[in-house]
Amino acid sequence: MRTLHTAILVLFILPCLGTGYSGSQSRFTSIVSFGDSYADTGNLVRWADPVLPPLPFSNLPYGQTFFGHPTGRISDGRLVLDFIADALGLPFVPPYLGNEKNFTAGVNFAVAGALALNLTYLQGQNLTLSPPIRHSLDDQLVWFQKLKPSLCSGQGANCFGSTLFVMGEFGGNDYLSFLLSNRTVEQTGAYVPIIVDSISRGVERLIQRGAKHIVVVDIFPVGCLPGVLTVLASTDKADYDRHGCLAGVERLVSRYHNSLLRRRIKALRSKYPHAMIISAEYYRPFIAFLHEPSHFGLNRSTTLFSCCGAGGPPYNFNSSSACGQPGVMACARPSEALQWDGFHLTDAANRLIANGWFHGPYADPPIMHVVAH
């Protein structure tokens, strides 16, 4: 309990101090990012496909808090990646599919809805994937390989010596695809080793292609998301933990995934001692927010409540009236909310998590320590 309270105190104080690096120069001059909607800074919304209807997160109130307009980020404002870039003194990482073609300060391959597993494999499991366009880690690595010659032009063998790679998170969409396709929690949990293996192979491919510093991110508590709590609602109180999350999903999916991922990271560190692999967490800070929300300036009564949504208590989530659709409003104080739209976090929560990655205690080692040494 003392460790939790210490972590809470650190994360509560740090936003007041700011995240920026105070040294004369950061060792990182660029960021290369891979992931899903927790990291996508605008790739999916720029994916031209006339068959698909307009995406809800192309509309306000997405982006209202910081940018004042939608940017393709699935939040009311910034993502963790944005805060990390700012802390390193770098511009926000431009999406690969965006208008920016100068990627000297970084590039973001993350796509909302991206999967850790190959799309063909998942389709073979008789899953209904929605929306129809799906993207995988493998696809993002192909994009990276295509862009690598221009990223490394004239830089020689040490091309990525001052680049911070960010891998993830990955896995959340895979588990949601299973859980929302009427698979049991036990059936879903059986895929954890396959999904973690895919992420581990992705990290290894980056190291083999020259990555020296890689942040590998775990998954959020899937069973604590308003969208999942609504769809998988149970009448049995024993199915919920003390925070109101679905206990089985947390035990057999989220915590299992993160435990296995930590083991894979340990093995990769031993195999590639020249690479600095940073293990970063969504899970523990999220649980800390649920445990003591007031310590972080969050509203205790709405930690499992979608700030932007419809349907009212207990979760304010309705897939037929999603955030960004006509008539769906955001809550009055997003700065006090943890959850934005049923599956994603607010600008305020992302800032707190970024502080935990940059200064600790939710990254091993903290990014700041790598910068300073």
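Put simply, the residue from F83, Y38, F289 that forms a side-chain contact (heavy atoms from CB on, under 4.5 Å) with I353 is F289. The only member of Y283, F286, Y282, Y175 that meets side-chain contact (heavy atoms from CB on, under 4.5 Å) when paired with I219 is Y175.
Below 30°, between 30° and 60°, or above 60°: for F160 and F144 the angle between ring planes is between 30° and 60°, a tilted geometry. The aromatic rings of W47 and H135 lie perpendicular to each other, with more than 60° between the two planes, well past the 30° mark. Classification of the F28-H213 ring pair by plane angle, with boundaries at 30° and 60°, yields perpendicular.
Checked against the 2.5 Å cut-off, the SG-SG distance between C245 and C224 falls under it.
Remark: side-chain polar atoms of T41 are paired, donor with acceptor, to backbone N or O of V93 under 3.5 angstrom. With hydrogens and angles ignored, the 3.5 Å screen pairs no side-chain donor or acceptor of K271 with any backbone N or O of K266.
Evaluation of the ring pair (Phe, Tyr, Trp, His ring centres under 6.0 Å) rule for F343 yields F317 as partners, not counting sequence neighbours.
Other residues, nucleotides and ligands contribute only 12 or fewer heavy atoms inside 6.0 Å of the NZ atom of K146.
Sorted by first then second residue, the side chain to side chain donor-acceptor pair (under 3.5 Å) pairs that include residues 229-239, not counting sequence neighbours, are S234-D239. For residues 58-80, the pairs satisfying salt bridge (charged side-chain N to carboxylate O under 4.0 Å, His left out) are R73-D82, R78-D347, with sequence neighbours left out.
Contact check for E281 versus D218: side-chain heavy atoms found under the 4.5 Å cut-off. Taking the side chain as every heavy atom from C-beta outward, Y240 and L229 approach each other to under 4.5 Å.
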(Q) Evaluate L298 against S294 for side-chain contact (heavy atoms from CB on, under 4.5 Å), listing each step before the verdict. (A) CA-CA 5 Å; L298 302 175; S294 59; over 6 Å; no
